[in-house]
Amino acid sequence: MTLTPAASARPVRARFCPSPTGTPHVGLARTALFNWAFARHHRGTLVFRIEDTDAARDSEESYAALLDAMTWLGLDWDEGPGVGGPHAPYRQSQRGEIYREVAAELLAVGHLYESYSTTDDVTARSLASGRNPQLGYDNHDRTPDPVLIEAAIAAGRKPVLRLRVPDRDITFDDLVRGPITFPAGSVPDPVLVRGTGEPLYTLVNPVDDALMGITHVLRGEDLLPSTPRQIALYEALIAIGRAEVVPQFGHLPFVTGEGNRKLSKRDPQANLFQYRDDGFIPEGMVNYLALLGWSIAEDRDIFTPAELVAAFDGRRISGNPARFDRRKALAINGTHLRMLAPEDFADRLAGYLVQRGVLAADADGEQRALLQAAAPLVQERSALLSEAAEMVRFLFTADDEFAIDPAAAAKVLTPASRRVLEAAVAAVEGVPEFTALTLEPAMKAALIDGLGLKSKVAFGPVRAAVTGRTISPPLYESLELLGRDSTLCRLRSALQGLSS
RNA sequence: GCCCCCAUCGUCUAGUGGCCUAGGACGCUGCCCUUUCAAGGCGGUAACACGGGUUCGAAUCCCGUUGGGGGUACCA
């Protein structure tokens, strides 16, 4: 039972503290999002800290990717890399001195103690006493063992520093799961400092949270079992005046993949940037991510980041693991794409096209205008920017580089298409003005009335010949945007393809 | 082994003792609209893991079982 002041009563200081290893994954993004939304909702502070204490696995590249991910999602932070803050530095690799000091203070008053036992020592003792060796460390070194110490020193072994965990039940009130109790004796004294003097995550993470005045810790469920020992550390820190409160913990459910397994960094569908590359927009991603373990209301699941912040008080977080469902993510993203103002959508599509090399970064005004005109035609029919891009691609491809998708050709461009295309050429040549308005009656007269075809049969070949695909923006508008010359060129070229 | 968490349609969820004949969304599906693909409109499909309690009354509370997940490092 902690008698310390309630962290929940203080101004919110939340944090997001990833390790820079690998590529940011969706579970990580979800955790960042929840902490951000929680901090923003309570008009608190979001601290962004980099836990780069594992030199072997951390990389600058991953560090940069982390910032990139946060920025893309629109999650801003008040203290941390790039913005500094009163508790700088915010990279653990630069805080070694602080950890050494704190460890020394804790050691001096006995909250930490030197431990010389090796794993083999623990196992041997357990076997001898009939204790289950799978229980882990036996707290044997709480009272110094002269024999052990002498042997270790003779062997040149340095002691690790362990935390003395109180011999009582440890209970805390989890923000998402309610009261949780770990029985006395189920939490062995953890190692906080290596024999080499290097601090471990077990020390560094709570120490930084304490020093940085963190009041709320929203993190993955995998860290739930480590909470009691962290609380024990907090209490020691409070005792020596280094911390003021034990934060309120909230353990978020896992984000799982196809099985029921937690999504791992290895899993391709876990890669956040893959979604960006596929054409998800931040609003859609944020909305879907928020739905993984949270709900805004009974009959609603579409909301903007601002609406998320307004509603996110932390009370509706679920404890159930959530499976990442790409199809639902797609549907949500499509809805957000449609919610965009037309100009905004066109701008984002332009950016995407440039990035994919379909549109030149320095595209001229004519091309930009063409895109502005085409964008509204595809905004309603895409769930992803990539789908929209594929639909307008034909407009930005030169006639001599234009090629019909083989699958589309095989499907709708058959020998029987010849007379359809010929009639289309004649109709296109015949219209006085080349606009969707004039094309519609002309094409219908030529193909449907003239050839007696069903519209589906009539327009398939034309669509494929001109756009290269069986799926495209509305046909007449597509033709108009393409222009009469290119349209005729492509129709004739398709005719040629039929004869060869 | 030990400790912890979780358990409602295929999936994400709403539900905090009577409003539940269990609501929404995605998916799937029927119809309408329609030049393709979408979008949109109107329908349909489909769930409280099991067993005991408590209660006038349980998806909701308690216990147990089963199932799933996580943790158990001188990783983070």
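Keep in mind the model is a prediction, meaning the values are calculated, not measured. In what follows, every chain begins at residue 1, and chains take the letters A, B, ... in the order their sequences are listed. We use all heavy atoms of the structure for the numbers below, so side chains are in, but hydrogens, waters and symmetry mates are not.
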Open item on the list: Can you tell me if R316(A) touches the phosphate of U13(B), counting only side-chain N or O atoms and a distance under 4.0 Å to OP1 or OP2?
Closed with: no
- [ ] Spell out protein contact along nucleotides 35-47 of chain B as letters: B when the base is contacted, S when just the sugar-phosphate is, - when no protein heavy atom is under 4.0 Å; keep the 5' to 3' order.
- [x] BBBBSS-------
Open item on the list: So if I take every side-chain heavy atom of L224(A) and compare against C5(B), A76(B), U11(B), which nucleotide ends up nearest?
Closed with: C5(B)
Task: Complementary nucleotide for A49(B) - Watson-Crick or wobble, under 3.5 Å - done: U65(B)
TODO: Calculate the interatomic distance between F303(A) atom CZ and U13(B) atom P; express it in whole Å.
DONE: 12 Å
Open item on the list: When the P atoms of U8(B) and G44(B) are compared, how many Å lie between them, rounded to an integer?
Closed with: 25 Å
Task: Polar contact flag, side-chain donor to acceptor under 3.5 angstrom, H25(A)-N271(A) - done: no
Open item on the list: Under a plain distance cut-off of 3.5 Å, with no hydrogens placed, do T181(A) and D169(A) share a side-chain donor-acceptor pair?
Closed with: no
TODO: Sort out the partner of C2(B) for me: Watson-Crick or G-U wobble, both distances under 3.5 Å, none otherwise.
DONE: G71(B)
TODO: Kindly state whether the ring of F324(A) and the ring of Y275(A) have centres lying under 6.0 angstrom apart.
DONE: yes
- [ ] Please say whether more than 12 non-hydrogen atoms of neighbouring residues, nucleotides or ligands are located less than 6.0 Å from CZ in R393(A).
- [x] no
Open item on the list: Please confirm whether the shortest side-chain N or O distance from R261(A) to OP1 or OP2 of G69(B) is below 4.0 Å.
Closed with: yes
Open item on the list: Mind checking if T53(A) touches a base, just sugar-phosphate, or nothing, with heavy atoms under 4.0 Å?
Closed with: sugar-phosphate
Task: Any side-chain donor near an acceptor of the partner, D120(A) and T123(A), under 3.5 Å - done: no
- [ ] Using the P atom on both, measure G64(B) against C2(B) and round to a whole Å.
- [x] 15 Å
- [ ] Give, ordered by number, those residues of residues 124-142 of chain A having at least one heavy-atom distance below 4.0 Å to an atom of RNA chain B; if nothing qualifies, reply none.
- [x] N132(A), Q134(A), L135(A)
Open item on the list: Taking pairing as Watson-Crick or G-U wobble with both contacts under 3.5 Å, can you name the mate of G18(B), or confirm there isn't one?
Closed with: C56(B)
Task: Candidates G24(B), C3(B), A76(B) - which lies nearest the side chain of D299(A) - done: G24(B)
Task: Between A25(B) and U34(B) - P atom distance, rounded Å - done: 25 Å
Open item on the list: Protein within reach of the bases, or only the backbone? For nucleotides 62-68 of chain B, mark each nucleotide 5' to 3' as B, S or -, using heavy atoms under 4.0 Å.
Closed with: ------S
Open item on the list: What I want to check is whether the side chains of T227(A) and R219(A) have a donor and an acceptor closer together than 3.5 Å.
Closed with: yes
TODO: Scan V160(A) against the nucleic acid and name what it touches under 4.0 Å (heavy atoms): base, sugar-phosphate only, or nothing.
DONE: base
